[in-house]
Amino acid sequence: METGILFALVIGLLFLGVPVAVALGLSSIIVIAFFSDDSMSSVALQLFTASQNYTLLAIPFFVLASAFMSTGGVAKRIIRFSIASVGHFRGGLAMASVLACMMFAALSGSSPATVVAIGTIAIAGMRQVGYTKEFAAGIIANAGTLGILIPPSIVMVVYAAATNVSVGRMFLAGVLPGLLAGFMLMIAIYVIARRRNLPAEEWKGVNELLNGGKEAGWGLFLIIIIIGGIYGGVFTPTEAAAVAAVYAFFIALFVYRDMGPMKDRRWLGADDVRGTPAHIGFSATVYAVAFFFVWEVLSFFVTADWENVTAAGRAWTGLALSVAVLIAYSVWRDPASNPANIPRFVAAGLPVWGRNLGLMGRHLFGAFAHEDTRKVMIDSSKTIIMLMFIIVNALLFAHVLTAERIPQAITSVMVDAGFTWFTFLIAVNLLLLLGGQFMEPSGLLLIVAPVVFPIAMELGVDPIHLGIIMVVNMEIGMITPPIGLNLFVTSGITGMSLIQVVKAAAPFVAVLLVFLVIVTYVPILSTALPYALMGPEIITR
């Protein structure tokens, strides 16, 4: 009886237009107050416990990092690198848009942020070279969903918090499926491009590829910091999220300078043209410093547990290699190729360093209070508060499910009915595909996960594999009407009607449905990396 009342209240309130968080929390309180033996004091206790969940602390930091990366011009640099990589294929600009979404997904953890950051630039670019607006919008709407599948992913953090599985294993599990999904979308684009004779970009050479990678490198290095830090045992996923937020702030305001008090202030002045001693010396020291920074980070991740490796030893090795990089670059760029010129180049580059470091020092504290920073913080706070309010109420809902032993009752019914893991996963996919059309991913996942998780464990489904299946379903839910969030975001940035976006996205949704079948019934795709690097997830029933 309590089961029917609880779900009837939730569904009824949702159909009345009540916000998801309020529907979940209010339904739970009504059932506890009138139909359960549980005490009302458990409501306060559960709300407090949920708000103190350490794993969930990663969400605000990932949202903040995503906001700085979206605002800080990282997207346009990633798009340039993507075009240099695959733009010369037939339909290359569209394929580059998918590749750019994949890379930005590894920075943001958010699907709508990926659509906005990449779509705003990529759709306009595709229109300029002859792609239809519908084709461009359909690609971005679907490729943007990779934001919640390729780690780090906010939705994966939510699943981990709801089921008490490892966030680190979930992040690892999303790598191969994310790459496969992007590859399948690019194959579909290539096939369509061949049939429609869509244009290919001119191959701009290795130099453009290297320059694009160099420009995007500081942003993409965040991927190394997050993934390397977590699996190198340096910090937890929550700590990685905090580091990501600080790094994204620094890169956006002080390195790329696309926002904040130093906006559009170039590192090199008008007199520092290519080939001058100041340009060569400054660039050589930049590469040397960058190499030393990357060396220190990567060597720390790799050798964190090695007894015979010291911080001083790593630093001296990195310094020697950095000097070698400085010398090699200077000789390469020197028209005379004379090593004796290196000290002169370095000395000529020092004023450029002094000018930029002085500029950064003067604006260091002002950057925290700048209008651009405040706007990012306020917009991020709105998203964070919305997500956390949904999550806290959903965890209260999960508490009621557990207290009333509802998942156990449903498990008994399904097992007695002869369900196997194969048929169970079909039921889960159908349930999530239907629910994803009407609910936001985090809210739906927090409702469904506590119910289906015990059943999956009883039937022998791997908890990490189940999590990836649920995330992929959430992906598809974001591009299916009437509540698909990516559809609304794409409509907003293109000016198209919702119906037009739905029609444009439909062919590529079919690709993701095929991908869902592969992920569902090829579990090794999700479990291979977590098993290899961290071992299987241990669940105590």
Side-chain angles (χ1 to χ4, degrees), residues 20-21 24-25 28 42-43 45-66 108-111 147-149 151-174 226 230 235-242 244-245 383-403 407 428 432 435 439-457 461-475 477 526 530 534 537-541:
V20 174
L24 294 173
S28 303
S42 65
V43 175
L45 180 61
Q46 287 302 315
L47 291 176
F48 176 79
T49 303
S51 66
Q52 299 296 306
N53 191 312
Y54 178 73
T55 301
L56 292 177
L57 191 60
I59 293 176
F61 290 121
F62 278 133
V63 170
L64 189 58
S66 171
S108 70
S110 167
S111 181
I148 63 173
L149 179 61
S153 165
I154 293 172
V155 174
M156 288 183 186
V157 174
V158 172
Y159 174 81
T163 57
N164 290 319
V165 302
S166 164
V167 178
R169 286 186 176 87
M170 283 300 302
F171 282 0
L172 273 180
I226 294 173
I230 292 173
F235 36 65
T236 67
T238 302
E239 293 164 347
T383 304
I384 292 165
I385 291 170
M386 180 268 293
L387 283 173
M388 298 306 289
F389 188 53
I390 292 174
I391 290 169
V392 168
N393 282 279
L395 291 177
L396 176 61
F397 177 81
H399 165 72
V400 176
L401 292 176
T402 304
V428 168
L432 291 172
M439 289 189 65
E440 188 271 336
S442 296
L444 176 62
L445 191 147
L446 284 164
I447 293 173
V448 175
V451 177
V452 303
F453 188 79
I455 305 172
M457 298 306 97
V461 178
D462 186 272
I464 301 300
H465 179 215
L466 176 67
I468 296 300
I469 292 172
M470 298 186 79
V471 170
V472 173
N473 276 284
M474 298 301 100
E475 274 192 277
S526 305
M534 300 181 70
E537 182 76 24
I538 306 299
I539 298 294
T540 303
R541 300 180 188 176

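Closest approach of Ala449 to Pro454, counting heavy atoms only: O-CD, 4.4 Å. The nearest pair of heavy atoms linking Pro237 to Phe171 is CB-CE2, 4.5 Å. Ser110 and Ser66 get closest at one heavy-atom pair: CB-OG, 4.4 Å. Across all non-hydrogen atoms, the minimal contact from Gly174 to Pro151 is C-CD, 3.9 Å.
Legend: residues meeting side chain to side chain donor-acceptor pair (under 3.5 Å) with Asn473, ordered by chain and number and at least two apart, are Asn429. Looking at residues two or more places apart in sequence or on another chain, you find a side chain to side chain donor-acceptor pair (under 3.5 Å) between Ser111 and Asn486. The side-chain contact (heavy atoms from CB on, under 4.5 Å) search around Asp462 returns Ile464, His465, Thr527, Tyr531, not counting sequence neighbours. Shown here are the side-chain contact (heavy atoms from CB on, under 4.5 Å) partners of Ser153, two or more places apart in sequence or in another chain: Ile148, Val155, Met156. Met534 pairs by the side-chain contact (heavy atoms from CB on, under 4.5 Å) definition with Ser166, Arg169, Leu172, Tyr231, not counting sequence neighbours. Scanning for side-chain contact (heavy atoms from CB on, under 4.5 Å) contacts around Ala160 gives Val165, Val167, with sequence neighbours left out.
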Subject >> Derivation and outcome, side chain to side chain contact (heavy atoms under 4.5 Å, CB included), residues Val451 and Ile447 >> reply: CA-CA 7 Å; Val451 177; Ile447 293 173; 5.8 Å; no
**OP:** Kindly determine whether Leu149 and Met474 satisfy side chain to side chain contact (heavy atoms under 4.5 Å, CB included), including the steps that lead there.
**Re:** CA-CA 9 Å; Leu149 179 61; Met474 298 301 100; over 6 Å; no
Original post:
Could you go step by step and tell me if Phe62 and Ile226 meet the side chain to side chain contact (heavy atoms under 4.5 Å, CB included) rule?
Top reply: CA-CA 11 Å; Phe62 278 133; Ile226 294 173; 4.1 Å; yes
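Atoms CG and CZ, on Leu24 and Phe389 in that order, are 10.0 Å from each other to the nearest 0.5 Å. Considering CD1 of Ile59 and CG of Leu64, their distance stands at 13.5 Å, rounded to 0.5 Å. Between the CD atom in Glu475 and the CG atom in Leu432 there is a gap of 12.5 Å [rounded to 0.5 Å]. Distance check: Leu466 CG to Ile455 CD1 gives 10.0 Å after rounding to the nearest 0.5 Å.
Screening Leu445, Ile154, Leu446 for a side-chain contact (heavy atoms from CB on, under 4.5 Å) with Tyr159, the sole residue that qualifies is Leu445.
Looking at Met170 and Ile468, their side chains come closer than 4.5 Å, going by heavy atoms from C-beta outward.
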